[in-house]
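Down below is the structure, laid out as structure tokens.
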Amino acid sequence: MLVFVLNAGSSSLKYQLINAETSELKASGIVERIGIDGVLKHVVGENRKLTIEASIQSHKEAIELILETLTQGETKIIDSITEIQAVGHRVAHGGEFFKESTIVTDKVIKKIEELIPLAPLHNPANILGMKICRELMPNVPNVAVFDTAFHQTMPEVHFLFPVPHEDYTEHHLRKYGFHGTSHFYVSQEAIKLLDNKKESRIIVCHLGNGSSVCAVKDGKSLNTTMGLTPLGGLMMGTRSGDIDAGVIPYLMDRKGMDTHQIIDYLNKKSGILGVSGISSDLREIISAANDGDQRAQVTIDMMCNRVKKYICSYAGLLGGVDAICFTAGIGENSDLIRNKICHNLEFMGIELDNQKNQLKSNISREINRDTSKTKIFVIPTNEELVIAQDTYKLVK
Ligand code: ADP
């Protein structure tokens, strides 16, 4: 079954065309700067790249162009869009209502609309993607796969905030967690690498532009670092992660900011970018630190310390750890960061093998010493494959 996987953002669209039965990736791409100057980068199979710069004014134009690229010219991969048998949508927030993926109906769209206050930037774009696909491919079923769903197994003790209880019952204030499809995929791969161990305690470190750690017990999310919104937890590319709430009114007073401005500041101008004053791209920070930039070095150390803090905390919650997994852009590619995070954790039975850690590869691998009680894995994430497979399961 050919599944078109769509991840619709406010000004960008990422897509993949996947054969869900064989896991074969047929094509992928991204449209960026929708409504500004519109750029489509399309990749056929593993290698053939094409960049189209066009005036793409709306999400609808973007999806039309993607479908055209899939069916025409030198990028053609299918004869007609009728070969697409289902569409899987990444949806940011499913609240407490969506505990698993679901077929998109009018009722489902309405429910996702009701959840917009919890994800004001993302859910509207996700809904738009669904509506456009239903219009352009009227006979093709759509499936919504939620970033929050995997974390719905978190117990109350981990998802409640320490504020008056009616804020939860009346205003849905709680930790939801994100990156659920990635944490699910990576922890499942880790369980396979642990010979399908029955009772498993896994910590997944998803370290990319956005980052989160998840404690996974017996395949289920027990706790995770992001909260009501993806601003919680780790220090990220441009997001502060957890900070003392008192910082917010202090900065608002000092800098004359309103609520919109302070949230924008903590989401887009903080984290690695804010502390380093250089960039949100960790590669640039590592390079600056190598050139002797002290603040870049502090940025790296702050980021790693926060990951370490959660690994230790979650090891305590889980009562030990069978495997720590690193994934996403930083987790998969930076041996330096993995090394810094694992440093000094030998007392907990976490022993990194420096040579194995430095080997470059894009497949799942073990990087711990043979004597390490805890396995350390690098597992490339594949959220789109999870979306395609969930879509297939529901549609078939
Ligand atoms: P997103 O959350 O946008 O999907 P990614 O998972 O692609 O992000 O991760 C992007 C981050 O990964 C960037 O900060 C980038 O600098 C970092 N990254 C990619 N390759 C490396 C590398 N070799 N060393 C250090 N950081 C890397």
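Atoms within each ligand, like the ligands themselves, are counted from 1 in listed order.
Protein heavy atoms come within 4.0 Å of atom 20 (N) of ligand 1.
Remark: the backbone N or O of Ile191 is not paired with any side-chain donor or acceptor of Ser200 at under 3.5 angstrom. At least one donor-acceptor pair closer than 3.5 Å links the side chain of Arg295 to the backbone N or O of Val275.
Results of the salt bridge (Lys or Arg N to Asp or Glu O under 4.0 Å) test with Asp301 over Lys308, Lys340, Arg306 single out Lys340 as the only residue that passes.
Taking atom 27 (C) of ligand 1 as the reference point, the nearest protein heavy-atom neighbour is Arg283 CG, 3.7 Å. At the top of the distance list for atom 6 (O) of ligand 1, counting protein heavy atoms only, stands Gly329 N, 2.8 Å. Protein heavy atom in closest approach to atom 23 (N) of ligand 1: Asn333 CB, 3.4 Å. Shortest contact from atom 24 (N) of ligand 1 to any protein heavy atom: Ser334 CB, 3.6 Å. Protein heavy atom in closest approach to atom 14 (O) of ligand 1: Leu282 N, 3.2 Å.
Counting non-hydrogen atoms of other residues, nucleotides and ligands closer than 6.0 Å to NZ of Lys356 gives a total above 12. By the 6.0 Å contact criterion, NZ on Lys197 is enclosed, its count of non-hydrogen atoms from other residues, nucleotides or ligands being greater than 12.
Considering backbone and side-chain atoms together, His206 places no N or O closer than 3.5 Å to any N or O of ligand 1. Considering backbone and side-chain N/O of Lys14, none are found under 3.5 Å from N/O of ligand 1. Between Gly208 and ligand 1, no pair of N/O atoms sits closer than 3.5 Å.
Between Leu336, Ile330, Asp281, Asn7, it is Asp281 that holds the heavy atom closest to atom 16 (O) of ligand 1. Compare Asn209, Thr238, Ile286, Thr381 by their heavy atoms: the one nearest to atom 13 (C) of ligand 1 is in Asn209.
Lys131 has a carboxylate O that lies under 4.0 Å from a charged side-chain N of Glu113, or vice versa, which qualifies the two as a salt bridge.
In this structure, OG1 in Thr224 is found 14.5 Å from OH in Tyr176, a value given to the nearest 0.5 Å.
Put simply, part of Gly210 is less than 4.0 Å from ligand 1, judged by heavy atoms.
Between the side chains of Glu351 and Thr371, a donor-acceptor pair is found at a separation under 3.5 Å.
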